[in-house]
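All residue numbers in this chain count up from 1 along the given sequence. Side chains included, hydrogens not; waters and symmetry mates left out as well; all remaining heavy atoms used. These numbers come from a predicted model, not from an experiment.
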Amino acid sequence: MGKNKLSKFAEMETIDLVFQYPFARLKAEGSFPLRGRWHSDFFGNDNPIVLELGCGKGEYTVGLAQLYPEKNFIGIDIKGARMHAGATRARDLAMANVAFLRTSIELLDAFFAPGEVSEIWITFPDPQMKKVRKRLTSTRFMDLYRRVLVDGGMVRLKTDSPFLYAYTRAMADLNGLVKEVDTDDLYHSDLVDPILSIRTHYESQWLARGLTIKYLAFGLDHATELAEPDDDFERDTYRSYSRGYIDTIGS
């Protein structure tokens, strides 16, 4: 591991809004002390908790938290060195509605109690075109999300991938999940939403090529027995950019 990564990990240990609990630590300690107590013991309020899964550098988590001070945001990723940028920015801005959790998404219900989360954001994940079970919008993960979401809690996907958008849309339709937003061209849609003011460097590069960002938001109830759609969607034929930084328009 490089010295730069080691220094970032060391600094992360000193930031009060960062919790580093990979599987080995969680197993050794047996439980996570804030599970079921995020509102009372960390945020100190009853505002809705929103997760960003696979948050990367964390700038989208910070951007959302700036737009919505009446909500609490937690960025989750297994890559601690990546998360360092967003965590240090939130610390330097003295933001009280942001936290970062370094762990595996598969362990989500070890960190949050049933109904503790109101929304989940999934921003530009790997579409996992070959392995359905690794796809963050698969029914396997939907079953995981509703262990921590309130009944009917929102799942929001932002992606450049036509494949992942088509798959997730079909999964929602097949299971009767009610869609709040469904657009295959976010920045040329008629959507009026503050999230349009948050645009990653990655997105700006993509849009400069004349291509589109897809956005899908739907409610996830607790009762529906979820079924997988046939996995016969056209595969993406391009290579995605790596995750970039957030550029808040007009800031």
Could you report the tightest heavy-atom contact between [X] and [Y], atom names first, then the distance?
{"X": "Ile195", "Y": "Lys158", "result": "O-NZ, 4.5 Å"}
{"X": "Met12", "Y": "Gly80", "result": "CE-O, 3.4 Å"}
{"X": "Gly56", "Y": "Asp77", "result": "N-OD2, 2.8 Å"}
{"X": "Met171", "Y": "Leu177", "result": "SD-CD1, 4.0 Å"}
{"X": "Leu17", "Y": "Val98", "result": "CB-O, 3.6 Å"}
{"X": "Ala223", "Y": "Arg146", "result": "N-NH1, 4.3 Å"}

Reported [atom1]-to-[atom2] distance for the pair [X] and [Y], which is rounded to 0.5 angstrom:
{"X": "Glu106", "Y": "Thr103", "atom1": "CD", "atom2": "OG1", "result": "9.0 Å"}
{"X": "Asp184", "Y": "His188", "atom1": "CG", "atom2": "NE2", "result": "11.5 Å"}
{"X": "Gln66", "Y": "Ile198", "atom1": "CD", "atom2": "CD1", "result": "8.0 Å"}

Whether [X] side chain and [Y] backbone form a donor-acceptor pair below 3.5 Å:
{"X": "Asp236", "Y": "Phe163", "result": "yes"}
{"X": "Glu52", "Y": "Thr61", "result": "yes"}
{"X": "Arg235", "Y": "Met129", "result": "yes"}

Does [X] reach the side chain of [Y], with side-chain heavy atoms less than 4.5 Å apart?
{"X": "Lys214", "Y": "Thr183", "value": "no"}
{"X": "Pro229", "Y": "Tyr167", "value": "yes"}
{"X": "Asp182", "Y": "Phe218", "value": "no"}
{"X": "Asn175", "Y": "Thr139", "value": "yes"}
{"X": "Phe73", "Y": "Asn97", "value": "yes"}
{"X": "Leu220", "Y": "Ile120", "value": "no"}

Give a yes/no verdict on a cation-pi contact between Arg35 and Phe32, requiring under 6.0 Å between NZ or CZ and the six-membered ring centre and an angle within 45° of the axis.
->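 No.
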Taking everything shown except [X] itself, do over 12 heavy atoms lie less than 6.0 Å from its [atom1]?
{"X": "Asp16", "atom1": "CG", "result": "no"}
{"X": "Arg133", "atom1": "CZ", "result": "no"}
{"X": "Glu29", "atom1": "CD", "result": "yes"}
{"X": "Arg37", "atom1": "CZ", "result": "no"}
{"X": "His222", "atom1": "NE2", "result": "yes"}
{"X": "Glu225", "atom1": "CD", "result": "no"}
{"X": "Asp230", "atom1": "CG", "result": "no"}
{"X": "Lys134", "atom1": "NZ", "result": "no"}

Should the pair Lys179-Asp173 be classified as a salt bridge under the 4.0 Å nitrogen-to-oxygen rule?
-> yes
Salt bridge or not for Arg135 and Glu228, using N-O below 4.0 Å?
-> no
Tell me, please, which residues at least two apart from Arg147 pass salt bridge (charged side-chain N to carboxylate O under 4.0 Å, His left out).
-> Asp109
Give the cluster check for [X] versus [Y]: same hydrophobic cluster or not, with ILVMFWY residues linked at side-chain heavy-atom distances below 4.5 Å.
{"X": "Leu216", "Y": "Val178", "answer": "no"}
{"X": "Val50", "Y": "Val150", "answer": "no"}
{"X": "Leu34", "Y": "Phe100", "answer": "yes"}
{"X": "Phe112", "Y": "Val18", "answer": "yes"}
{"X": "Val117", "Y": "Tyr145", "answer": "yes"}

List for me each residue that meets ring-ring contact (aromatic ring centres under 6.0 Å, His included) alongside Phe43, sequence neighbours excluded, and say none if there are none.
-> none
With Phe42, which residues qualify under ring-ring contact (aromatic ring centres under 6.0 Å, His included), at least two apart?
-> Phe19, Trp38
Residue pair Arg102 / Gln20, side-chain donor-acceptor N/O under 3.5 Å |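 Side-chain D/A pair, Arg102 to Gln20: present.
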Among Leu196, Thr159, Leu186, Asp185, whose side-chain contact (heavy atoms from CB on, under 4.5 Å) with Tyr215 holds?
-> Leu186
Can you spot which of Thr123, Val181, Thr168 makes a side-chain contact (heavy atoms from CB on, under 4.5 Å) with Leu157?
->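 Among Thr123, Val181, Thr168, the one that satisfies the side-chain contact (heavy atoms from CB on, under 4.5 Å) with Leu157 is Thr168.
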Stepwise, does the salt bridge (Lys or Arg N to Asp or Glu O under 4.0 Å) test hold for Arg156 with Glu119?
-> CA-CA 8 Å; Arg156 303 181 185 275; Glu119 297 180 38; 2.9 Å; yes
